[in-house]
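Here the structure is laid out as structure tokens; the discussion comes afterwards.
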Amino acid sequence: MSEKIGQTVIVFLLSLLCLSVLYPFLYMLAISLNEGADAAKGGVYLWPRSFTWINYEIVLGNAVIRHSYLITISRTIIGTITGLLITLLAAFGLSYRMLPMRNALLSYILITMLFNGGLIPFYIQLYNLGLVNTFWVYIIPGMFSAWNMFVMLKFIQGIPEALVESAELDGAGPIRVLFQIIVPLSKPMLAALGLFTAVGHWNDWFAGAFYVTDQSLIPVQTFLQQLLNASDLSAVFGSNTNQEALARGAQTQNVTLMSIKMAVVMVSALPILCVYPFLQKYFVKGVLIGSVKG
């Protein structure tokens, strides 16, 4: 009896947690699909009261947002692939216990997880490397992750050494061992870390706001941050981005700044949410394997 009560309480608490996470998303979706002037009156919570697509037509029809999407998609794909590859190569090399200065290298990498030079020295370093105000400022600093490296290292060390030794006896070199033995066995771990890395790149607005001044290089999250701080749409869209169509839409469909903000939020969040279901099974396996071997 007590066990059933406990399970009921757990289910109830988890349901409340899910609702607390889901409700803001549904609220933003309802506002984005509602006429702006009507939504400003209040009373729109879970579904639109005056349905319209005009907010999404304006957002998706804007060249600035489409280009920001291209920057975000490009940095997410390139950044995730390069980040996993470089970090995996480092973890695989450090997994060899006979590697010279292995402990010193591990200690050095661990120190970088605990201490950093701060924002200004990091900006000066990026400037001296010629990365400021370039697309590669999104990619190169994130190519290596100390945390991901230690997770990969722990996972690789959990793979039976007999597999690697038998491959080496058959004449396989380190590259062949990595890509034909380690990588196939590490798919759950790589999928989980790849999801975290992709989400980090997709949601990052900081780099675009502080390391890039060229508006043609800002990602969609930085664009969203600028839009949320704007007092009117022209502050972000500018005077050269079909303002006539925007004004005409605002007059006929009662578009407001808030409705456009919500549409941009939904447009920026939905793509990365659609990726998760395809990686969920690998993500769960990766978490479970890491917990057992840890």
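Heads up: numbering here begins at 1 and tracks the sequence.
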* **Side-chain (R75) to main-chain (I139) donor-acceptor, under 3.5 angstrom** => no
* To do: Would you check if V177 and E168 make a side-chain contact, meaning some heavy-atom pair closer than 4.5 Å?
  => yes
* Following the transitive rule for hydrophobic clusters with a side-chain heavy-atom cut-off under 4.5 Å over Ile, Leu, Val, Met, Phe, Trp and Tyr, establish whether Y123 and L126 coincide in one cluster. => yes
* To do: Output yes when a side-chain donor or acceptor of N203 lies under 3.5 Å from a complementary backbone atom of Q221, and no otherwise.
  => no
* In terms of hydrophobic clustering (I, L, V, M, F, W, Y; side-chain heavy atoms under 4.5 Å; direct or indirect links), are I175 and L85 co-clustered? -> yes
* Asked: So does M258 have more than 12 non-hydrogen atoms from other groups sitting under 6.0 Å from CE?
  -> no
* **Student check: side-chain heavy atoms of L185 and L163 closer than 4.5 Å** => yes
* Asked: Any donor-acceptor pair under 3.5 Å linking the side chain of S74 with the backbone of I71?
  -> no
* Would L119 and F206 count as a side chain to side chain contact (heavy atoms under 4.5 Å, CB included) if you check the C-alpha gap in whole Å, the side-chain angles of each, and the deciding distance to 0.1 Å? -> CA-CA 11 Å; L119 178 60; F206 188 87; 3.8 Å; yes
* Given the rule that I, L, V, M, F, W and Y join up when any side-chain heavy atoms are under 4.5 Å apart, are Y108 and W147 in one cluster? -> no
* Within the distance-only criterion (no hydrogens, no angle test), does the side chain of S268 pair as donor or acceptor with the backbone N or O of V265 below 3.5 angstrom? -> yes
* Asked: Roughly how far, to the nearest 0.5 Å, is OG1 of T72 from CD1 of I65?
  -> 11.0 Å
* Aromatic ring pairing F51/W53, orientation class (parallel under 30°, perpendicular over 60°, tilted between) -> perpendicular
* To do: May I ask whether I31 and V21 are part of the same hydrophobic cluster, defined by side-chain heavy atoms of I, L, V, M, F, W, Y residues being less than 4.5 angstrom apart, directly or through others?
  => no
* Inspect the surroundings of OH in Y23 and state if more than 12 heavy atoms from other residues, nucleotides or ligands are less than 6.0 Å away. => yes
* From R97 atom CZ to Q157 atom CD, the distance as rounded to the nearest 0.5 Å -> 4.5 Å
* Measure from the side-chain N and O atoms of R49 to the backbone N and O of A39, and report whether any donor-acceptor pair falls under 3.5 Å. => no
* Asked: If you round to the nearest 0.5 Å, how far is CZ of F144 from CG of L88?
  -> 11.5 Å
* D170 (side chain) donor-acceptor with A172 (main chain) under 3.5 angstrom -> no
* F122 atom CZ, neighbour heavy-atom count above 12 within 6.0 Å -> yes
* To do: Using the six-membered ring wherever Trp is involved, compare the ring planes of F210 and W205 and label them parallel, tilted or perpendicular (cut-offs 30° and 60°).
  => tilted
* Are the side chains of F25 and L270 in touch, meaning some heavy atoms are under 4.5 Å apart? -> yes
* With the side chain counted from C-beta on, respond yes when I86 and M149 share a heavy-atom pair under 4.5 Å apart, and no when they do not. => no
* Less than 6.0 Å separating the ring centroids of F179 and F92? -> no
* Side chains of L190 and M152 in contact at under 4.5 Å (non-hydrogen atoms) -> yes
* **Heavy-atom neighbours of R176 CZ exceed 12 at 6.0 Å** => no
* Structure fact -> OH of Y138 to NE2 of H201, rounded to nearest 0.5 Å, is 12.0 Å
* **Atom CD1 of I120: over 12 foreign heavy atoms under 6.0 Å** => no
* **Interatomic spacing from CE in M262 to CG in L227 - rounded to 0.5 Å** => 10.5 Å
* For the residue pair T197 and S145, establish whether any side-chain heavy-atom pair is separated by less than 4.5 Å. => no
* In terms of hydrophobic clustering (I, L, V, M, F, W, Y; side-chain heavy atoms under 4.5 Å; direct or indirect links), are F155 and M113 co-clustered? -> yes
* Measure the shortest side-chain to side-chain distance between V59 and M266 over non-hydrogen atoms and say whether it is less than 4.5 angstrom. => no
* Taking atom types as modelled, find out whether S32 and N55 have a side-chain donor-acceptor pair closer than 3.5 angstrom. => no
* To do: To the nearest 0.5 Å, tell me how far S166 OG sits from E161 CD.
  => 11.5 Å
* I140 and L129, any side-chain heavy atoms less than 4.5 Å apart -> no
* Spell out, as yes or no, whether a donor-acceptor pair under 3.5 Å connects the side chain of N128 to the backbone of I124. => yes
* Could you tell me whether Y45 atom OH has more than 12 heavy atoms of other residues or ligands within 6.0 Å of it? => no
